[in-house]
Amino acid sequence: MSESILKVRGLTKTFKVPANAAGKNQLRALDGIDLDLARGETLGLVGESGCGKSTLARTLMMLERPDSGSVTWDGVDPFSLKGKDLLALRRRVQMVFQDPYASLNSRMSAADIIAEPWRTHKTMYKTSRDRAARVRELLHLVGLRPSDEHRYPQEFSGGQRQRLGIARALALNPSVVICDEPVSALDLSVQAQVLNLLNDLQKQLGISYVFISHDLSVVRHVADRVAVMYLGRIVETGATDAVFDRPAHPYTEALMSAAPKLDAGSRGKRIILEGEVPSPLNPPSGCRFRTRCAHATDICASTVPPAAVDASESGHVAECHHPRRPVSLGVPVAVG
Ligand SMILES: Nc1ncnc2c1ncn2[C@@H]1O[C@H](COP(=O)(O)OP(=O)(O)OP(=O)(O)O)[C@@H](O)[C@H]1O
Ligand SMILES: [Mg+2]
């Protein structure tokens with residue numbers, strides 16, 4: 001794999017919440033996350049609702065401070081930076097959100113929305129003429145028309161609004177864009193257009209994406225590598241085809257077996273797994289998936305499965321006492 005732009009090691013994040021019946025009030029949303037992102041790649045992040053995907057995204061965006069563990073962007077710990085240095089790093093990591101309605105200010109024109117990040121990052125474009133020219137370039141880049149600059153978010157279709165959200169994310173020339181369910185709110189035909197746009201932009205600009213989605217067929221389509229999350233941990237990572245076609249973790253296996261096939265007409269089915277996701281206020285001992293796992297034995301309750309830290313960053317790795325494909329465990333898989 002090419003050089004990592006992002007390295008995450010042992011990241012934990014706990015929220016204090018009102019106590020539950022058992023008196024527990026520490027909600028461990030992230031519990032020892034290890035993750036790497038290579039320059040120019042798309043890393044898909046999948047897992048059921050509440051497993052911590054958005055919390056991870058917000059922590060990578062420096063919107064949440066982790067309790068422990070490290071995040072490094074090109075070797076730099078963002079949480080150690082202040083002032084100008086922090087601003088410079090913030091510029092490089094931008095986000096596209098699920099709901100372009102909620103994330104775009106309805107009282108601002110498209111031009112103002114795109115230009116807003118430059119109010120904070122004042123040195124990027126010095127004159128209003130430069131800014132106006134760049135707004136039009138960005139509109140063009142995302143497939144909108146220059147005349148759209150005067151329109152307001154509510155005058156755009158859903159797909160156009162998401163294009164505007166993408167233009168705003170690109171305004172600061174980021175190296176990484178974190179996309180949190182960027183197409184989930186869109187109609188299927190529009191989803192494909194926005195995904196193609198993201199793909200074209202990546203080719204053109206060399207951006208890396210962290211791509212969060214419930215929709216496995218979308219992830220399969222866009223991701224070079226996939227990380228599967230369960231209750232605050234990444235339980236399996238690997239090249240997209242390896243994870244989809246040869247899952248090693250029983251959780252991944254269950255997700256993939258329930259996933260709609262790529263052929264047309266079968267998308268959008270819900271993933272059905274036995275049992276409920278345990279509460280992150282009171283996670284199971286040992287392996288967190290064991291309460292829903294058909295293969296669990298005593299060791300799964302007593303011992304956390306070994307962290308797969310020894311494999312190369314491009315490896316296909318699962319955290320499991322009884323992996324479904326022992327052969328692939330820890331063996332690096334070449335990623336294109
Ligand atoms: N600010 C917060 N305060 C308290 N608990 C929080 C906070 N943010 C997230 N959580 C909890 O942390 C856990 C992870 O939430 P998160 O939003 O990261 O999940 P997610 O994987 O993005 O889910 P979804 O797929 O529904 O978007 C959940 O149990 C959630 O209730
Ligand atoms: Mg989320």
Side-chain angles (χ1 to χ4, degrees), residues 6 8 10-35 43-69 71 79 93-103 162 165 169 177-186 191 209-220 222-223 226-237 243 249 251-252 254-256 258-260 267-273 275-284 288-289 291-292 319:
L6 165 71
V8 174
L11 200 70
T12 63
K13 174 71 194 174
T14 308
F15 293 111
K16 199 160 184 236
V17 294
N20 68 1
K24 307 230 178 201
N25 68 348
Q26 301 288 319
L27 189 152
R28 183 64 66 89
L30 304 178
D31 192 12
I33 300 281
D34 292 341
L35 199 70
L43 175 72
L45 187 60
V46 302
E48 284 161 290
S49 185
C51 71
K53 302 178 299 293
S54 295
T55 304
L56 177 57
R58 291 176 54 77
T59 311
L60 298 181
M61 288 291 296
M62 298 158 261
L63 299 171
E64 302 277 4
R65 186 170 266 277
D67 310 332
S68 59
V71 174
F79 296 102
V93 191
Q94 296 297 314
M95 195 148 174
V96 171
F97 298 91
Q98 168 172 1
D99 184 353
Y101 236 144
S103 63
Q162 195 54 298
V177 177
I178 298 176
C179 305
D180 194 350
E181 303 276 2
V183 297
S184 321
L186 305 175
Q191 285 193 6
Y209 292 126
V210 175
F211 192 99
I212 299 171
S213 180
H214 279 93
D215 188 332
L216 294 170
S217 56
V218 166
V219 170
R220 177 148 210 176
V222 300
V226 176
V228 181
M229 246 180 124
Y230 189 80
L231 265 184
R233 285 189 78 84
I234 294 195
V235 298
E236 180 157 7
T237 43
V243 172
H249 197 287
Y251 177 59
T252 315
L255 278 188
M256 300 308 167
R267 295 172 51 150
K269 281 185 208 149
R270 284 194 64 81
I271 294 159
I272 297 163
L273 271 167
E276 304 221 331
V277 186
S279 164
L281 275 169
N282 195 16
R288 299 188 145 209
F289 183 59
T291 53
R292 301 167 81 196
E319 283 190 355

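Just so it is clear, the values below take in all heavy atoms, side chains as well, and ignore hydrogens, waters and symmetry mates. Remember, it's 1-based here, ligands and their atoms both numbered in the order they're listed. Because the structure is a prediction, the values reported are computed rather than measured.
Close N/O approach between Ser49 and ligand 1 is found [any backbone or side-chain N/O within under 3.5 Å]. The distance criterion of under 3.5 Å between nitrogen or oxygen atoms is met by Cys51 with respect to ligand 1. Remark: ligand 1 and Ala29 share no N or O pair separated by less than 3.5 Å (distance only, no angle test). Residue Glu181 has no nitrogen or oxygen atom sitting less than 3.5 Å from a nitrogen or oxygen atom of ligand 1, judged on distance alone.
Among all non-hydrogen protein atoms, the one lying nearest atom 14 (C) of ligand 1 is Gly50 O, 3.3 Å. For atom 18 (O) of ligand 1, the closest non-hydrogen atom of the protein is Thr55 OG1, 2.6 Å. For atom 31 (O) of ligand 1, the nearest non-hydrogen atom of the protein is Leu27 CD1, 4.4 Å. Remark: minimum distance from atom 25 (O) of ligand 1 to any protein heavy atom is reached at Lys53 NZ, 2.7 Å. With respect to atom 8 (N) of ligand 1, the closest heavy atom belonging to the protein is Phe15 CE1, 3.4 Å.
Distance check for Gln98 against the Mg ion (ligand 2): none of its N/O/S atoms falls below 2.8 Å.
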Show the numbers, then the answer: is there a ring pair (Phe, Tyr, Trp, His ring centres under 6.0 Å) between His249 and Phe289? CA-CA 10 Å; His249 197 287; Phe289 183 59; 5.8 Å; yes

Residues His214, Glu181; criterion side chain to side chain donor-acceptor pair (under 3.5 Å); working and verdict: CA-CA 7 Å; His214 279 93; Glu181 303 276 2; 2.4 Å; yes

Applying side-chain contact (heavy atoms from CB on, under 4.5 Å) to Tyr251 and Glu236, what does each step give before you reach the verdict? CA-CA 9 Å; Tyr251 177 59; Glu236 180 157 7; over 6 Å; no

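Going from atom CZ of Arg28 over to atom CZ of Arg288 covers 7.5 Å, rounded to the nearest 0.5 Å. Between atom CD1 of residue Ile33 and atom OG1 of residue Thr55 there is a gap of 9.5 Å, rounded to the nearest 0.5 Å. Once rounded to the nearest 0.5 Å, the distance linking CG of Leu56 with CG of Leu35 reads 6.0 Å. Separation of atoms OG1 (Thr291) and CG (Leu231) is listed at 8.0 Å; rounding is to 0.5 Å. Distance CZ/Arg233 to SG/Cys51: 13.0 Å, rounded to 0.5 Å. The CG atom of Leu30 sits 10.0 Å away from the OG atom of Ser68 when rounded to the nearest 0.5 Å.
A side-chain donor-acceptor contact under 3.5 Å links Asp34 to the backbone of Gly10.
Listed by number with element, the atoms of ligand 1 under 4.0 Å from a non-hydrogen atom of Pro280 are 29 (O). Listed by number with element, the atoms of ligand 1 under 4.0 Å from a non-hydrogen atom of Ser54 are 17 (O), 18 (O), 20 (P), 22 (O), 27 (O).
Under a 4.0 angstrom heavy-atom cut-off, His214 registers as being in contact with ligand 1. At a 4.0 Å cut-off, at least one heavy atom of Gly52 sits close enough to ligand 1 to count as contact.
Counting protein heavy atoms under 4.0 angstrom from atom 6 (C) of ligand 1 gives one or more.
When heavy-atom distances to ligand 1 are checked against a 4.0 Å cut-off, Val17 comes that close only through its side chain, counted from C-beta outward.
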